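Counting convention: from 1, in listed order, for ligands and their atoms alike. Quick caveat: nothing in here was measured; it's all calculated off a predicted structure.
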Amino acid sequence: MIPPGGTIGILGGGQLGRMLALAAAQLGYRTHVYAPEAEQPAADVATLATRAGFEDEAALAAFADAVDVVTCEFENVPASSLALLAARVPVRPGARAFAIAQDRLAEKAFVTSLGGTPAPHAAVDDRATLEAALSALGTPAILKTRRLGYDGKGQVRIATPADAPGALAALGGTDLVLEALVPFTSEFSILVARGLDGSEAHYPPIANRHEGGILAESVAPALGIPTAHVEEATALVIRIADALDYVGVLACEFFETAHGALFNEMAPRVHNSGHWTIEGAETSQFEQHIRAIAGLPLGSPAMQAPMAIMRNILGASVRDAHAVLADPHAHLHLYGKREAAPGRKMGHVTFLRA
Ligand code: AMP
């Protein structure tokens, strides 16, 4: 257990780290953010910040020695960096969750071994394996990089076989996975927190609407999904967390179909679709994550209102973001980013509904 006044190390400097640092402060912890970028929304609200690359072994070692526990706010921290840190300080969740979540193919195999069902898919490493995958799965399909994809980046739709060579070239030609395009009726996510003692708390299912591969809006609870599908998906996420001896918040995304919920992907961290929990749940996902990694009891995930709606503020629309405050019930969160690039997550706003 990390005593009050202890220091939580956060790898990554984005908005998830920022909201983790705010939750940690409320619980009496100091935070130390480690990230390579010049602009770090998390560092603005943390106690300490180190700007260094994930391959900088001396900086990583100094960081590890300055904190009581390390957690990550993004999933692409190199395995070697996590191993170096873990030799000096507890890293929660642990390296195995990252190894799996960093590789779409390994992730699908792991989830299948636990009884989950991902979209039909096949590994693609060259033109021949792509042609074989396309004849097995048909079109339309989506070709994705196995690693380092996010917010719809690193993926190309293949409408007809004629699109295949262009898609292959666009994604580097190897280390890819082809997925059948799932005719989903909706997308939802399940967020589970698992404590150091193995206790578990889960939030209601969250309906997610994406625009151009980027999350636009989340609504909790997701309505219209058969209870059996929600229960199966939640049980699967708990099995994943148990199998990894996971500590912290784990998010999994699902495609809802007539035949059940298909597993899409997991994130070994707090998740954009859980931002509504700051006002909409008794214990936010950020506080829950800090409690878990600090060895504290988990809080109640119960909702504070019948419905919560979270909208992302993307790109230049941040300039008029304050207009939403004309509604006294709007809960606005801005991340303090200076560059409003198109599609960049600049903030979010949450509304609770009776
Ligand atoms: P991902 O980064 O893999 O979660 O993909 C981003 C978004 O693209 C998803 O949330 C879906 O809206 C869409 N998408 C990805 N894979 C598929 C698929 N196999 N079938 C249908 N839509 C997909």
A.B. asks: Side chains of His32 and Thr47 only: does a donor on one sit below 3.5 Å from an acceptor on the other?
C.D. replies: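 Short answer, no.
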A.B. asks: Just jot down the ligand 1 atoms closer than 4.0 angstrom to any heavy atom of Ala180, in number order.
C.D. replies: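 Going through ligand 1 atom by atom, the ones under 4.0 Å from Ala180 are 18 (C), 19 (N), 20 (N).
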A.B. asks: Just go through Glu179, Arg157, Glu187 and tell me whose heavy atom is the nearest to atom 9 (C) of ligand 1.
C.D. replies: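 Nearest option to atom 9 (C) of ligand 1, by heavy atoms: Glu187.
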A.B. asks: Between Trp276 and Tyr203, what is the ring plane arrangement, given parallel below 30°, perpendicular above 60°, and tilted in between?
C.D. replies: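 Ring orientation, 0 to 90° scale: perpendicular.
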A.B. asks: Classify the contact between Asn208 and ligand 1 as side chain, backbone, both or neither, using a heavy-atom distance cut-off of under 4.0 Å.
C.D. replies: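 Neither part.
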A.B. asks: For the 3.5 Å polar cut-off, considering only N or O atoms, please tell me whether Glu253 and ligand 1 meet it.
C.D. replies: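 In this structure, Glu253 places no N or O atom under 3.5 Å from an N or O of ligand 1.
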A.B. asks: Identify, by atom number and element, the atoms of ligand 1 in contact range of Phe184, meaning under 4.0 Å from any of its heavy atoms.
C.D. replies: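 Answer, ordered by atom number: 12 (O), 21 (C), 22 (N).
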A.B. asks: Hey, are Glu287 and His289 close enough side-chain-wise for a donor-acceptor pair under 3.5 Å?
C.D. replies: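 Absent: no donor and acceptor within the cut-off.
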A.B. asks: With the side chain counted from C-beta on, respond yes when Glu256 and Glu187 share a heavy-atom pair under 4.5 Å apart, and no when they do not.
C.D. replies: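 They are not in contact (no side-chain heavy atoms under 4.5 Å apart), so the answer is no.
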A.B. asks: Look at the rings of Tyr34 and Phe63 and say which category their plane angle falls in: under 30° parallel, 30 to 60° tilted, over 60° perpendicular.
C.D. replies: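 Tyr34 vs Phe63 ring planes: tilted.
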A.B. asks: Phe255 vs Phe184 aromatic rings, parallel, tilted or perpendicular, using cut-offs 30° and 60°?
C.D. replies: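 Aromatic pair Phe255/Phe184 classed parallel.
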A.B. asks: Who's closest to atom 8 (O) of ligand 1 heavy-atom-wise, of Arg104, His210, Gln155?
C.D. replies: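 Considering heavy atoms of Arg104, His210, Gln155, the nearest to atom 8 (O) of ligand 1 sits in Gln155.
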A.B. asks: Looking only at heavy atoms, is any part of Ile142 under 4.0 Å from ligand 1, and if so is it the side chain, the backbone, or both, or is it neither?
C.D. replies: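 Ile142 to ligand 1: side-chain contact only, backbone stays beyond 4.0 Å.
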